[in-house]
Structures are given as C-alpha cells and as structure tokens.
Amino acid sequence: MIKTKWRQIIFEKLQFLSLEERHRIEQKLHTNLWNHEVWKRARTIGVTFSNEFEWDTAPLIEKAWQDRKMVALPKTVPAARELDFYVIENFSQLKSGYAGIWEPDALTCKPIEKNALDLIIVPGVVFNKAGYRIGFGGGYYDRFLASYKGETAALVSSLQFIKDIPVEEHDVPVQTLITDE
C-alpha cells in the first residue's frame, strides 16, 4: 500500500477518537516522554507546534520551559524544502506560516544550529516498530535528520502502528518511540 493511502487510513482512525479518548492518550504520551531518559538528558529540544491531526505539543513546550530546557521550533523553507529551527521563549513568538502551521517568527527569534539540539520530537502519522514513519508528505524531516547527530523521539499511539511501512532509501528512522502503552 502506498504512503498516501496509509496516511489517509490513520487520519481517519484518529479523527474518530472522542475528545476524552484523545486527551487520555495524550496524557499517557506526555507522561511517558517526561519519564524517559531521552527527555531527562536533553537540555535543548526541537519540537513542532502541533496541528489538529497531531498529538498536542503545547504541554511539552511548557514542561520544557518549566524544566529550564531551551525549546526550538522549525520554520519551513518551502523553496528549499528545508527546516530551520529557532529558539522560542513564549508562544507569542509564533505566527502562522507555511500551510497554516504555527512557526517561530524569524524576526524575533534566534536561529539555532541543528546539531545544537539534543533531542528532536519528530512528527508523523504512521510508524512501524523500527521507527520508520510516514509524515505529512513533504520530506522535510527526512532531509533535516539525514545530517542531524542528536537524539530523536516520536509520540506514537498504538493506533498509528502498522507492520509493513513502505520504506524508501532516503527515509530516516526515529530512534525512540514513546507510546501510550
């Protein structure tokens, strides 16, 4: 099955979750991440500001600030199909960017080199147990991660796992999968 079809199947599963069930899964994912060594070790964390289909990342950002960790969010560079990360200190530094995604305002935020990030929370729609993922279709994270040297993690509900993901040569697996189980 092609990536587009898998993406559609998982989106549909996630859309049918009740608000209560979604909240319960998010709480487990957040707690499991915060208790994991990958989070505890990290001093500088890269994370996207979640959209409607992703697990809520605002609590992760707030917890990172509470834990005195530096937080950086990606800004999409569509012409180059790349991501540039910028440090944010509060949510007012975000603005609607590419495809309506909330991104750091490059005029008010400081850029950060990719390998200054200790941990990147990688978004995705579909995952296999080896950490390969199907994202949103732009390949931005695979290009970014190809030369990234830090740790990677993803928040993955049991609903998002499939056994046989189509893997391409350029795909980069996520190192640590944080699940709700």
Side-chain H-bond candidate by donor/acceptor type, T44 with K69, under 3.5 Å: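 No donor-acceptor contact under 3.5 Å links the two side chains.
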No-hydrogen, no-angle side-chain donor-acceptor test under 3.5 Å, E26 and H30: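 No, no side-chain donor-acceptor pair sits under 3.5 Å.
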Are [X] and [Y] packed together at the side-chain level, in the sense that at least one heavy-atom pair is separated by less than 4.5 angstrom?
X	Y	value
V125	R133	no
D84	Y86	yes
L119	T152	no
L94	I88	yes
L60	L33	yes
T48	P74	yes
I178	T176	yes
Y132	V172	no

Rounded at 0.5 Å granularity, tell me how far [atom1] in [X] sits from [atom2] in [Y].
X	Y	atom1	atom2	value
I120	K114	CD1	NZ	8.0 Å
Q15	I10	CD	CD1	11.5 Å
I9	Q160	CD1	CD	13.5 Å
L29	L155	CG	CG	5.0 Å
E103	L73	CD	CG	9.0 Å
Y148	L145	OH	CG	8.0 Å

Ionic contact status for E151 with R41, cut-off 4.0 Å: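 Looking at R41 and E151, the cut-off is met.
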Side-chain ion pair, R22 and D56, N-O less than 4.0 Å: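 Looking at R22 and D56, the cut-off is not met.
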More than 12 heavy atoms of other groups within 6.0 Å of E113 CD: no
E89 atom CD, neighbour heavy-atom count above 12 within 6.0 Å: no
Donor-acceptor pair, side chain of E54 and main chain of N51, under 3.5 angstrom: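 Pair found, side chain donor or acceptor close to backbone of N51.
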Sidechain-backbone polar pair: N128 side chain, G131 backbone, donor-acceptor under 3.5 Å: yes
With sequence neighbours excluded, residues passing ring-ring contact (aromatic ring centres under 6.0 Å, His included) with F85: F144
Transitive ILVMFWY side-chain link [X] to [Y], under 4.5 Å:
X	Y	result
Y141	V174	yes
V47	V77	no
I112	L83	yes
L17	I162	yes
V122	V167	no

Criterion side chain to side chain contact (heavy atoms under 4.5 Å, CB included) on Q8 and E12, from CA distance to verdict: CA-CA 6 Å; Q8 179 186 358; E12 287 175 8; 3.4 Å; yes
Ring-ring centroid check F127 W6, cutoff 6.0 Å: no
Determine the minimum heavy-atom distance between [X] and [Y], stating which atoms define it.
X	Y	result
S158	E181	CB-OE2, 3.2 Å
D171	E168	OD2-N, 2.7 Å
C109	Q93	SG-CB, 3.6 Å
A64	I45	CB-CD1, 4.4 Å
A130	P173	O-CB, 3.7 Å
N115	S147	ND2-O, 3.5 Å

Whether W102 and F49 hold their rings parallel, tilted or perpendicular, with breakpoints at 30° and 60°: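 Correct class here is perpendicular.
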Derivation of the side chain to side chain contact (heavy atoms under 4.5 Å, CB included) call for W55 and S50: CA-CA 7 Å; W55 304 114; S50 53; over 6 Å; no
Aromatic [Y] / basic [X] pairing, under 6.0 angstrom, 45° off normal:
X	Y	answer
K129	F161	yes
K63	W39	no
R143	Y140	yes

Verdict with reasoning, W65 to M70, per side chain to side chain contact (heavy atoms under 4.5 Å, CB included): CA-CA 7 Å; W65 288 331; M70 189 180 300; over 6 Å; no
V126/I165 under side chain to side chain contact (heavy atoms under 4.5 Å, CB included): CA gap, chis, key distance, verdict: CA-CA 8 Å; V126 184; I165 252 182; 3.9 Å; yes
